[in-house]
Amino acid sequence: ESTDDSTKAHMIWLGTPAGKEDISYLAEHFDELGDLQQYEIPMEFARTGRIAIVPLLQKALAKSRTAVSGVVYACRLGQMEPGFGTSVAPLIVPWIGKGNIIGGDSAIEILPALDPDLAAKTFFTDAFLGHSTPLAHLVLSSCNDAGLKVPRTLLDPLLAAWEPHMSKSDIDLEYRVERGIVEAVIALSQHEPATALTKAEWLIKRRPDRADNLADIHLLATGLTGLYDKVATLSDDPVRFRQLPMAARQYFAVLYFESDCDNGGIEQAFSNSTGDYLPLVRSGYEAADAMRSLEYLNWMCQPFGKEGPSTNREKRNDQMDAMKPHYFEQTEGLRDRWNEQHQNDLPEISAQWKMASYVSKHADEIRKALGL
């Protein structure tokens with residue numbers, strides 16, 4: 001547990017004869033473990049996504065849902081051994097709807113990723129996808145995240161029941177309906193992309209802040225689901241990354257840059273390697289006609305002078321260190337002045353929606369380049 005990456009250490013250990021023997025012993029003697037051990041040990045080992053720990057998870061998940069969080073980690077890490085998902089999925093089903101986090105349910109979240117067939121058998125019923133059922137919005141979200149196609153026979157009644165509610169004021173609209181209509185439109189895009197886009201544009205016209213949640217419709221409709229993650233895996237290989245179509249590189253750069261800005265401000269993005277992608281971010285904004293975002297980027301680059309921020313992280317940090325005052329001390333004032341000048345601007349559709357729309361126009365060449 002004291003290693004830098006305990007999950008990786010556990011994976012190595014489980015690959016040894018001694019590790020396999022120990023994990024079998026733990027499963028056999030599970031009931032003799034203390035309460036804290038019964039909670040923590042299976043949860044930690046579940047993170048590995050290894051077949052060897054399934055007997056232990058069978059014992060643990062029959063008693064407590066704690067290990068579900070470890071399985072979530074295995075899904076997110078993406079290193080599950082073949083067969084792990086289908087072996088663990090039936091153990092997850094009993095914990096559906098029994099989470100303790102408001103607005104979420106980890107068992108629902110991971111079931112389609114573990115076993116799409118079991119998820120379809122479980123979820124594609126009125127019990128889970130009826131318009132009045134309390135978990136429909138979460139089920140739709142998890143299916144969309146996994147690319148699991150929801151039948152029209154279930155989607156159409158949901159849309160018919162929820163769409164009339166969209167005329168209500170935001171304060172009167174139930175969260176499950178607000179979230180559900182967005183997820184239902186995303187799911188519809190796998191059947192009728194043009195219809196889904198029309199509905200999405202109507203939703204965004206009423207509430208521009210929905211654009212980010214609906215942006216993936218463009219990707220679902222053009223076979224580019226998970227594009228960001230696929231490009232991210234190649235970003236550490238400069239040669240392979242440069243071989244990708246420009247639109248794919250711009251899409252990755254913009255989302256990567258904006259996520260770092262959302263996490264710690266643009267000053268953090270500049271100080272990190274994220275800032276090395278600035279040329280692609282700029283050209284991406286221009287190509288997608290996200291001019292408000294480009295204007296904001298240029299505004300926040302003013303302290304760097306005419307030469308602008310270096311695309312080399314070390315040099316860029318030297319630039320910020322040499323400023324008087326330091327760049328980090330200037331950002332609050334820059335943001336305040338920007339907000340003051342734009343306080344009366346009408347809400348604008350986000351760059352993420354515009355980038356998704358832009359990249360979808362290059363779907364054929366991107367799919368070919370990524371072997372999709």
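This chain uses plain numbering: 1 for the first residue, then up along the sequence. A quick note: this is a predicted structure, and the numbers were derived from the prediction, not measured.
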Checklist line | From CA spacing to verdict: side chain to side chain contact (heavy atoms under 4.5 Å, CB included), R292, D345 | finding: CA-CA 10 Å; R292 178 80 62 85; D345 290 356; 3.7 Å; yes
Could you check if a side-chain atom of [X] sits within less than 4.5 angstrom of a side-chain atom of [Y], using non-hydrogen atoms only?
| X | Y | result |
| --- | --- | --- |
| M43 | S69 | yes |
| D364 | H362 | no |
| F270 | E267 | no |
| P42 | L61 | no |
| L155 | L129 | no |
| L297 | I266 | yes |
| L234 | F252 | no |
| I110 | V68 | yes |

Identify the heavy atoms of [X] and [Y] that sit nearest to each other, and give their distance.
| X | Y | answer |
| --- | --- | --- |
| A247 | V359 | O-CG2, 3.7 Å |
| I217 | A196 | CD1-O, 4.2 Å |
| S259 | Y228 | OG-OH, 4.5 Å |
| L14 | G19 | CD2-O, 4.4 Å |
| P208 | P347 | CG-CB, 3.7 Å |
| L214 | A200 | CD1-O, 3.9 Å |

Side-chain donor/acceptor of [X] to backbone N/O of [Y], under 3.5 Å:
| X | Y | answer |
| --- | --- | --- |
| Q37 | G34 | yes |
| D216 | L219 | no |
| R249 | L244 | yes |
| N272 | T274 | no |
| Q38 | F30 | yes |
| R313 | S271 | yes |
| Q319 | S310 | yes |
| K354 | S350 | no |
| N144 | E183 | yes |
| Q302 | W299 | yes |

Next item on the list: Indicate the ring-plane relationship of F45 and W13, choosing parallel, tilted or perpendicular according to the 30° and 60° boundaries.
Entry: parallel
Notebook entry, point to check: Where does the angle between the aromatic ring planes of F123 and F128 fall among parallel (under 30°), tilted (30 to 60°) and perpendicular (over 60°)?
Noted result: perpendicular
Next item on the list: Decide yes or no on side chain to side chain contact (heavy atoms under 4.5 Å, CB included) for E258 and S293, but give the supporting numbers first.
Entry: CA-CA 10 Å; E258 290 197 347; S293 297; 4.2 Å; yes
Notebook entry, point to check: Do H342 and Y296 have their ring centres less than 6.0 Å from each other?
Noted result: no
Check: Should Y358 and H218 be marked as a ring-ring contact (aromatic ring centres under 6.0 Å, His included) after you check the CA-CA gap, both sets of side-chain angles, and the distance that decides it?
Finding: CA-CA 9 Å; Y358 162 65; H218 295 285; over 10 Å; no
Heavy atoms from other residues, nucleotides or ligands near [atom1] of [X] exceed 12 (cutoff 6.0 Å):
| X | atom1 | answer |
| --- | --- | --- |
| E332 | CD | no |
| Q343 | CD | yes |
| Q341 | CD | yes |
| H191 | NE2 | yes |

Note to self: I'd like to know whether K98 forms a side chain to side chain contact (heavy atoms under 4.5 Å, CB included) with D105, so could you lay out the CA-CA distance, the side-chain angles of the two residues, the decisive distance to 0.1 Å, and finally the verdict.
What the structure shows: CA-CA 8 Å; K98 298 178 181 177; D105 188 297; 6.0 Å; no
Between [atom1] of [X] and [atom2] of [Y], what distance do you get to the nearest 0.5 Å?
| X | Y | atom1 | atom2 | value |
| --- | --- | --- | --- | --- |
| K8 | I12 | NZ | CD1 | 6.0 Å |
| C75 | E109 | SG | CD | 8.0 Å |
| C143 | I186 | SG | CD1 | 12.0 Å |
| L57 | R50 | CG | CZ | 13.0 Å |
| L56 | E44 | CG | CD | 12.0 Å |
| D260 | L255 | CG | CG | 12.5 Å |

Group every Ile, Leu, Val, Met, Phe, Trp and Tyr by side-chain heavy-atom contacts under 4.5 Å, then state whether [X] and [Y] land in the same group.
| X | Y | result |
| --- | --- | --- |
| L188 | W202 | yes |
| I53 | L26 | yes |
| W338 | M291 | yes |

Notebook entry, point to check: When you look at F257 and Y277, which way does the ring-ring contact (aromatic ring centres under 6.0 Å, His included) test go after all the steps?
Noted result: CA-CA 8 Å; F257 183 76; Y277 291 92; 9.5 Å; no
For [X] and [Y], does a side-chain donor sit closer than 3.5 Å to a side-chain acceptor?
| X | Y | value |
| --- | --- | --- |
| S357 | K361 | yes |
| R65 | S106 | yes |
| H326 | E329 | no |
| S141 | R179 | yes |
| E295 | Y285 | no |
| D115 | T86 | no |

Notebook entry, point to check: Do NZ/NE/NH1/NH2 and the carboxylate oxygens of E178 and R207 come within less than 4.0 Å?
Noted result: yes
Note to self: Closer than 4.0 angstrom, basic N to acidic O: yes or no for R282 and E286?
What the structure shows: no
Notebook entry, point to check: Sequence neighbours excluded, which residues qualify as side-chain contact (heavy atoms from CB on, under 4.5 Å) partners of Y73?
Noted result: T7, R47, L77
Check: Quick one: side-chain contact (heavy atoms from CB on, under 4.5 Å) partners of S64, sequence neighbours excluded?
Finding: Y39, T66
Notebook entry, point to check: After noting the C-alpha distance and the side-chain angles of R316 and D276, does the key distance pass the salt bridge (Lys or Arg N to Asp or Glu O under 4.0 Å) rule?
Noted result: CA-CA 9 Å; R316 195 167 54 252; D276 295 351; 2.9 Å; yes
Next item on the list: Test V185 against L159 for side chain to side chain contact (heavy atoms under 4.5 Å, CB included), laying out the working first.
Entry: CA-CA 8 Å; V185 170; L159 287 164; 4.2 Å; yes
